[in-house]
Amino acid sequence: MKMNIIEVESYEEMSEKASELFIQKVRNNPNAKLGLATGSTPLGTYKRMIADYKKNGTSYKNVTTVNLDEYVGLSKKHPSSYRYYMNERFYHHLNLKQENAHVPDGTALDLTIECERYESLIDQLGGLDIQLLGIGQNGHIGFNEPGTSFDSLTHVVELTENTREVNGRFFQNREEVPTKAITMGIASILKSKRIVLLISGKEKSQALHRLLNEDVTENFPASALKKHPNFTLIYDKEAWKGV
Ligand code: PGA
């Protein structure tokens with residue numbers, strides 16, 4: 001198993017390291033295809049990428065971004081949709097072209113066709129160059145919950161109660177959290193040439209230790225990453241210690 005592990009002091013340092021990897025990728029390849037994620041974990045990374053764009057002019061004019069997932073039923077105008085999140089926290093602050101910024105369409109009339117379209121998009125791009133990931137407390141990546149096949153492509157998932165509860169903080173109330181989402185599958189994620197997983201904070205301690213110690217199993221989705229030839233894990237001390 002090959003895994004490049006970077007331990008850092010803090011969330012800030014983790015974000016610094018992750019942003020350096022993504023900025024470097026864009027500088028080396030102005031046509032880079034970036035796999036992006038939502039949630040609390042990547043916010044510091046995005047802030048630094050935006051600061052670098054403003055200060056150093058790293059250009060996203062020819063960059064393509066592809067996000068992991070989206071809630072079924074939420075339009076891009078819904079403040080809790082992942083498209084909205086990306087607009088506010090990333091896209092609108094850079095010279096990225098809106099047509100090159102991809103998030104699954106959770107309002108598509110035919111979700112099966114939407115999933116196929118999204119997977120073909122990834123294939124047409126030739127796979128992504130670098131994929132950013134966070135992890136759920138139960139080891140999910142994207143919305144691939146425990147038990148998801150490692151062969152899965154982009155698909156519709158029924159969200160677990162636990163995930164709905166944890167994500168309730170991004171909604172006015174818990175009932176508003178959709179019950180389904182579209183997510184890139186584990187196999188779609190593994191198509192990326194490089195994968196960077198960020199783990200920060202004591203809430204993620206168990207997930208971190210399971211990732212490091214347990215065998216590769218579909219019961220713990222993130223363990224699939226250990227089979228990838230270019231996988232980098234960056235975690236902070238709080239996640240390591242669990243306090
Ligand atoms: P978080 O979410 O970054 O908000 O903790 C990560 C995830 O659930 O995949």
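All values below come from the heavy atoms of this structure, side chains included, with hydrogens, waters and symmetry mates left out. Since this is a predicted model, take the numbers as computed values, not measurements. In each ligand, atom 1 is the first atom listed, and ligand 1 is the first ligand listed.
By the 4.0 Å N-to-carboxylate-O rule, Glu16 lies close enough to Arg48 to be salt-bridged with it.
With hydrogens left out, the protein atom closest to atom 3 (O) of ligand 1 is Thr41 OG1, 2.5 Å, a heavy atom. Protein heavy atom in closest approach to atom 7 (C) of ligand 1: His140 NE2, 3.4 Å.
Between Asn167 and ligand 1, no N or O atom pair is found at a separation short of 3.5 Å.
Close contacts between ligand 1 and Gly39 involve ligand atoms 3 (O), 4 (O) [criterion: under 4.0 Å to a heavy atom].
Below 30°, between 30° and 60°, or above 60°: for His78 and Phe171 the angle between ring planes is between 30° and 60°, a tilted geometry.
Taking the six-membered ring where the residue is Trp, the centroids of Tyr60 and Tyr91 are separated by 6.0 Å or more. The ring of Tyr53 has its center no closer than 6.0 angstrom to the ring center of Tyr46.
Under a 4.0 angstrom heavy-atom cut-off, Gln137 registers as lying outside contact with ligand 1.
Ser10 and Asp236 share no donor-acceptor pair across their side chains, judged by distance under 3.5 Å alone.
Here Lys204 has side-chain heavy atoms under 4.0 Å from ligand 1, and that is the only part of it that gets that close. Residue contacts with ligand 1, taken as heavy atom pairs separated by less than 4.0 Å, involve Ile135 solely via the backbone atoms N, CA, C and O.
Residues Met184 and Tyr118 form a side-chain contact, since some pair of their non-hydrogen atoms from C-beta on lies under 4.5 Å apart.
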